[in-house]
Number of protein chains: 2
Amino acid sequence: MPPEELPTRRLTVLDCAPLLSGTPLDEAGADRLAAALRVLAEPARLRIVSLIQAQPDREACVCHLTEVLGLSQPTVSHHLRVLFESGVLARERRANWVYYRMVPGALAELRQALGESGQPLAGGVTRG
Amino acid sequence: MPPEELPTRRLTVLDCAPLLSGTPLDEAGADRLAAALRVLAEPARLRIVSLIQAQPDREACVCHLTEVLGLSQPTVSHHLRVLFESGVLARERRANWVYYRMVPGALAELRQALGESGQPLAGGVTRG
DNA sequence: TGTCAATATTGAGGAACTTCAATGCCACCC
DNA sequence: GGGTGGCATTGAAGTTCCTCAATATTGACA
């Protein structure tokens, strides 16, 4: 296995119409959006993203995350890989350590796909 | 562990207060948010929400959804149950048919949890 | 070159989930 | 009341996913 870093794959959620727009999702669009949501629909991965954002410099190394999460190092590495390959996190090696940080705009894409489309529905103003 | 500036000794998990300055998710919060995301992280359920929202009157009965989705009736019923019990959909029986429609604000809650522009993953989702 | 620390990968066990056939339940109509 | 149509539930098969032990890989350093 070559020691190269995997290329960052960006989310392609926005190729489909927002969830609450007038045009329904086709099968392919639903599959893509579901895959993007599945990346975050996991407690350990949510905590990883949250922990990274909570750092003063908005980045964290694997050892720190492993310590805080209380999971084994391979498990944390697995989740980081999922987050990296889905385009949520970026990584950079410095000496012995690998630092992960958020990819700007990755979550905003998901929020838009969930219906941030100017539709009046989700504003919560239509109550009673 | 990576080198830190001052103090020289590594902080333990309980000591690392400065590293967690942005109120990261605790375990329970991560579980709740992951459960809420898991409800939508499924192509069939995404299509159901999308199809309902695409109806002129913003509601659909099971038979119509079953027809469009190309899934068996028990499978569609199962997904509708998941969406209903998680608070995404509401249902109402009229004669022989059961109509499902969106619960206003259900998705807005999720979008907020994903970080309404700049505050990612803060706050909580109350539905499990 | 050899050793050590940090991270990645592999493989397996087990839990959770999707799906459908079969069946049960409920409302309507004769 | 009996029959029918629409929907819900049950049970099982197959798949996906999380997790960890074991192992491999990489970079730093003597």
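Order of the sequence lines sets the chain letters (A, B, ...), proteins ahead of strands, with each chain counted from 1.
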query: Among D:dC20, C:dT19, D:dC18, which nucleotide sits nearest the side chain of B:E42?
result: C:dT19

message: Please check: side-chain N/O of B:E42 versus main-chain N/O of B:R38, any donor-acceptor pairing under 3.5 Å?
response: no

field: Phosphate contact (D:dA8 OP1 or OP2) by B:Y100 side-chain N/O below 4.0 Å
entry: yes

field: Ion pair check, A:E92 and A:R94, cut-off under 4.0 Å
entry: yes

B:L80 CG to C:dT19 C1', straight-line distance once rounded to whole Å: 15 Å

- request: Please state how far atom CG in B:L46 lies from atom P in C:dC17, giving the value in whole angstrom units.
  value: 16 Å

- prompt: To the nearest Å, how far apart are A:E59 CD and C:dT7 P?
  reply: 13 Å

field: A:R93 charged N/C atom sitting above A:Y99 aromatic ring, 6.0 Å / 45°
entry: no

Reported CG-to-CD distance for the pair B:L89 and B:E59, which is rounded to 0.5 angstrom: 12.0 Å

- request: Find the distance B:R45:CZ to C:dC17:C1' and express it as a whole number of Å.
  value: 9 Å

message: Using whole Å, what does the distance between atom C1' of nucleotide D:dA8 and atom CD of B:E92 come to?
response: 18 Å

- prompt: At under 4.0 Å, does any side-chain N or O of B:R91 touch on OP1 or OP2 of D:dA8?
  reply: yes

- request: Take B:D31 and A:L46 through the side chain to side chain contact (heavy atoms under 4.5 Å, CB included) test and state the conclusion after the steps.
  value: CA-CA 9 Å; B:D31 285 344; A:L46 284 176; over 6 Å; no

message: Does D:dC18 have its OP1 or OP2 closer than 4.0 Å to a side-chain nitrogen or oxygen of A:H78?
response: yes

field: Residue A:Q73, side-chain atoms from C-beta onward, closest of C:dT19, C:dA8, D:dC20
entry: C:dA8

query: Centre of A:F84's six-membered ring, under 6.0 Å away, within 45 degrees of the axis: is that where NZ or CZ of A:R91 sits?
result: yes

- prompt: Nearest-Å distance, CG (A:L89) to C1' (C:dA8)?
  reply: 16 Å

Distances for protein N/O vs nucleotides 4-6 of chain D N/O pairs under 3.5 angstrom?
unit_1 : atom_1 : unit_2 : atom_2 : d
D:dG6  : O3'    : B:N96  : O      : 3.4

query: Taking atom C1' of C:dC26 as reference, at what distance in whole Å does atom CZ of B:R94 sit?
result: 17 Å

- prompt: For A:T75 and D:dC18, is the shortest distance between a side-chain N/O and OP1 or OP2 below 4.0 Å?
  reply: no

field: Between D:dA21 (C1') and A:L71 (CG): distance, integer Å
entry: 15 Å

task: Using a cut-off of strictly less than 4.0 Å, decide whether B:H79 has a side-chain nitrogen or oxygen near OP1 or OP2 of C:dC17.
output: no

message: Walk me through whether B:R45 and B:H79 qualify under side chain to side chain contact (heavy atoms under 4.5 Å, CB included).
response: CA-CA 6 Å; B:R45 291 198 282 270; B:H79 288 307; 3.0 Å; yes

- line: Among the nucleotides D:dA8, C:dT18, C:dT9, whichever has the atom closest to the side chain of A:S77 is C:dT9

